[in-house]
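Here the structure comes first, spelled out in structure tokens, and everything after it is commentary.
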Number of protein chains: 2
Amino acid sequence: MAIAGDSLRVRLEDVARAASVSPKTVSRVLNDEANVSDATRKRVLASMEAMDYRPHPSARSLAGNRSFLVAMLYDNNDNPASTYLAEIQDGVLEACDEHRYSMMVRPLRMRGDDFIRRLDALISDHHPDGVVLTPPITDYAPLLKRLRERNVPYASVSPMLRNGVIGVTMDEQAAARAIVEHLLALGHRRIAHVIGIADHGASRWRLAGYREAMAAAGLPEDSELVVQGGLRSAPVSPPRANSLRWSSGPLPCSPPTTTWPPVSWNARRASSTR
Amino acid sequence: MAIAGDSLRVRLEDVARAASVSPKTVSRVLNDEANVSDATRKRVLASMEAMDYRPHPSARSLAGNRSFLVAMLYDNNDNPASTYLAEIQDGVLEACDEHRYSMMVRPLRMRGDDFIRRLDALISDHHPDGVVLTPPITDYAPLLKRLRERNVPYASVSPMLRNGVIGVTMDEQAAARAIVEHLLALGHRRIAHVIGIADHGASRWRLAGYREAMAAAGLPEDSELVVQGGLRSAPVSPPRANSLRWSSGPLPCSPPTTTWPPVSWNARRASSTR
DNA sequence: CTGAAAGCGCTTACAG
DNA sequence: CTGAAAGCGCTTACAG
């Protein structure tokens with residue numbers, strides 16, 4: 001009886017023999033390195049395909065000193081919207097797959113004094129090549145500081161402070177404005193705004209967009225129509241918003257500020273010493 | 001500039017030197033193996049602690065031929081309740097942490113003819129030591145068959161067919177019955193039941209429990225009060241259930257059928273050849 | 001453009 | 001109860 005899924009492992013060395021090249025050459029092809037003739041590359045690729053070769057991730061990590069691992073960090077205490085996190089998670093996963101990275105998810109509650117220790121343990125235990133941050137920990141200064149100290153690249157989803165941060169954002173303000181303008185165009189005048197989690201930058205920008213559109217339409221702000229929604233730590237009853245209805249129609253949003261994975265991750269690595 | 005998080009790695013060998021023992025002995029302590037004197041074990045543990053030693057997961061995987069990885073498989077197409085999946089995910093994660101396993105999540109849509117190929121790729125690429133299945137793929141025969149063929153242990157959350165399967169279930173029928181009985185005790189008589197995703201065993205058992213309680217109370221079944229809810233593939237409007245209210249109070253549920261991780265995983269491994 | 005040698009940090013299989 | 005040697009499957013650093 002063989003170990004799970006390990007009956008007949010094909011190794012890089014086997015591919016090399018089949019293609020009549022050295023292991024190093026197969027490694028070059030595997031990693032898209034230069035200095036391989038087209039003919040050789042083609043031959044190696046054919047052998048890999050024919051033998052259904054799959055590089056062993058642990059061997060690659062150990063020898064190459066990189067984990068091919070992205071850790072997604074979230075605070076499921078301060079961000080109760082699991083649907084939101086699930087969508088981000090699926091997106092990160094998809095991107096990781098494309099680049100042949102694996103992904104791990106880590107709930108990391110900001111509250112609690114051992115936050116940094118748990119972050120350190122995560123890094124030491126799993127050596128992620130990079131981490132993805134979700135609101136609100138995108139803006140938690142001690143976290144960012146520690147990641148920089150330990151030289152772990154990070155990308156942020158919708159961070160509040162965008163300067164110099166790699167990540168994905170959209171123009172929340174313009175989007176909120178567009179929603180309100182859409183409702184205005186439909187003839188509505190009493191338009192409410194439910195404020196999101198206060199710690200999130202998106203909440204502020206959306207409120208600003210709402211106010212902007214209302215003001216532009218000459219409508220005075222009605223404090224009754226602007227309410228704080230969203231859970232913080234203790235569950236509260238959801239805001240009464242029965243009068244709100246979704247409208248269909250496209251929303252303008254700016255493209256992500258960067259592609260993923262961040263180009264600079266490779267750059268960083270290239271300039272590293274072992 | 002050092003590689004991310006890798007400035008001053010402490011290796012098993014370093015611990016061995018500090019504790020004046022061989023690497024093999026440290027390995028024994030690390031893996032809770034027998035044949036180490038208490039004094040030696042204590043000394044090694046002290047050194048590990050003092051040096052904040054963290055075994056390198058890739059080295060362990062490569063040499064030991066096990067990944068310390070559990071893959072959680074789900075179908076986020078047929079199971080639209082991301083909150084449900086998120087809760088399971090957090091639970092699996094917690095259990096993995098306790099046992100020093102890492103976890104990866106994998107959406108795996110049943111529809112699509114390349115299902116098995118994607119499963120194979122997952123196994124070959126990541127070598128999970130075991131997988132956790134969530135409804136409805138807990139009962140997808142081709143999946144289970146392939147897992148057995150490739151000798152990958154699996155545990156199922158609330159599977160429809162429980163015979164011989166390792167996993168976690170609760171007495172859904174008794175729980176539904178208890179809910180209905182609670183409502184009956186409050187004096188209600190018009191009690192509706194929204195049927196869950198038809199593929200899930202839980203949906204059937206809950207319906208059975210509802211019917212049981214209603215019948216026991218001598219109430220005839222009103223077909224208007226039993227409606228199919230839940231999304232399948234195409235989104236439909238949610239069932240009208242405004243008359244339903246949550247009641248508080250404890251629900252009876254049987255303990256999980258097994259502990260986690262399944263004992264048999266280790267047994268399986270022990271009987272394996274390399 | 002290609003390859004031989006050494007090494008990553010652990011565990012296995014064996015010996016005592 | 002303890003350890004010396006070999007090896008897991010890759011990559012690095014170097015040589016040509």
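Per chain, numbering begins at 1; letters A, B, ... match sequence-line order. Scope of the values below: all heavy atoms of this structure, side chains included, with no hydrogens, waters or symmetry mates.
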* Checking salt bridge (Lys or Arg N to Asp or Glu O under 4.0 Å) for the pair D120(B)/R117(B): CA distance, chi angles, key distance, verdict? -> CA-CA 5 Å; D120(B) 276 331; R117(B) 188 168 45 227; over 6 Å; no
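Base pairing of dA4(C): no nucleotide in any strand meets the Watson-Crick or G-U wobble criterion (both distances under 3.5 Å). For dA13(C), there is no paired base (Watson-Crick or G-U wobble, both distances below 3.5 Å).
Nucleotide dA13(C) holds its C1' atom 15 Å from the CG atom of N35(B), rounded to whole Å. Between L12(B) atom CG and dG9(C) atom C1' there is a gap of 8 Å when expressed in whole angstrom units. The distance from atom CZ of R9(B) to atom C1' of dC8(C) is 10 Å, rounded to the nearest whole Å. Rounded to an integer number of Å, the gap from L62(A) CG to dT11(D) P is 11 Å. Look at CD on E33(A): it is 12 Å from C1' on dT2(C), rounded to the nearest Å. In this structure, H127(B) atom NE2 and dC8(D) atom P are separated by 15 Å, rounded to whole Å. dG3(D) atom C1' lies 15 Å from atom CZ of R17(B), rounded to whole Å. Straight-line distance from the CG atom of D125(A) to the C1' atom of dC10(C): 15 Å, rounded to whole Å.
Closest to the side chain of L30(A), from the set dT11(D), dG9(D), dG3(C), is dT11(D). Distances were taken from every side-chain heavy atom of N31(A) (C-beta onward) to each of dG3(C), dG9(C), dT11(D); the shortest belongs to dT11(D). For P55(A), the listed nucleotide lying nearest its side chain is dC10(D); candidates were dG3(D), dC10(D), dC10(C). Distances were taken from every side-chain heavy atom of R28(A) (C-beta onward) to each of dT2(C), dG9(D), dG9(C); the shortest belongs to dT2(C). When each of dC10(D), dA4(D), dC10(C) is scored by its nearest atom to the side-chain atoms of K24(B), the top-ranked nucleotide is dA4(D). Of the listed nucleotides (dT2(D), dC10(D), dC8(D)), dC10(D) has the atom at the smallest distance from the side chain of R60(A).
Between S37(B) and dT2(D) there is a side-chain polar atom (N or O) within less than 4.0 angstrom of OP1 or OP2. Neither OP1 nor OP2 of dG9(C) sits under 4.0 Å from any side-chain N or O of S58(B). Y53(A) has no side-chain polar atom (N or O) that falls below the 4.0 Å cut-off from OP1 or OP2 of dG9(D). For dT11(D), neither phosphate oxygen OP1 nor OP2 lies less than 4.0 angstrom from any side-chain nitrogen or oxygen of N65(A). Residue T25(A) places no side-chain N or O under 4.0 Å from the OP1 or OP2 atom of dT2(C). Taking only side-chain nitrogens and oxygens, S61(B) never comes nearer than 4.0 Å to OP1 or OP2 of dC8(D). Taking side-chain N and O atoms only, S27(B) has no distance below 4.0 Å to OP1 or OP2 of dC10(C).
Scanning atom types as modelled, no donor and acceptor separated by under 3.5 angstrom connect the side chain of R54(A) and the base of dG9(D).
Side-chain polar atoms of H127(B) and R54(A) form no donor-acceptor pair below 3.5 angstrom. For Y53(A) and R11(A), the side-chain atoms include no donor-acceptor pair closer than 3.5 Å. Side-chain contact, R28(A) with T40(A): no donor N or O sits under 3.5 Å from an acceptor N or O.
For the atom pair N35(B) CG and K24(B) NZ, the distance stands at 10.0 Å (nearest 0.5 Å).
Taking the six-membered ring where the residue is Trp, F115(A) and Y140(A) present perpendicular rings, their angle passing 60° and hence far from 30°.
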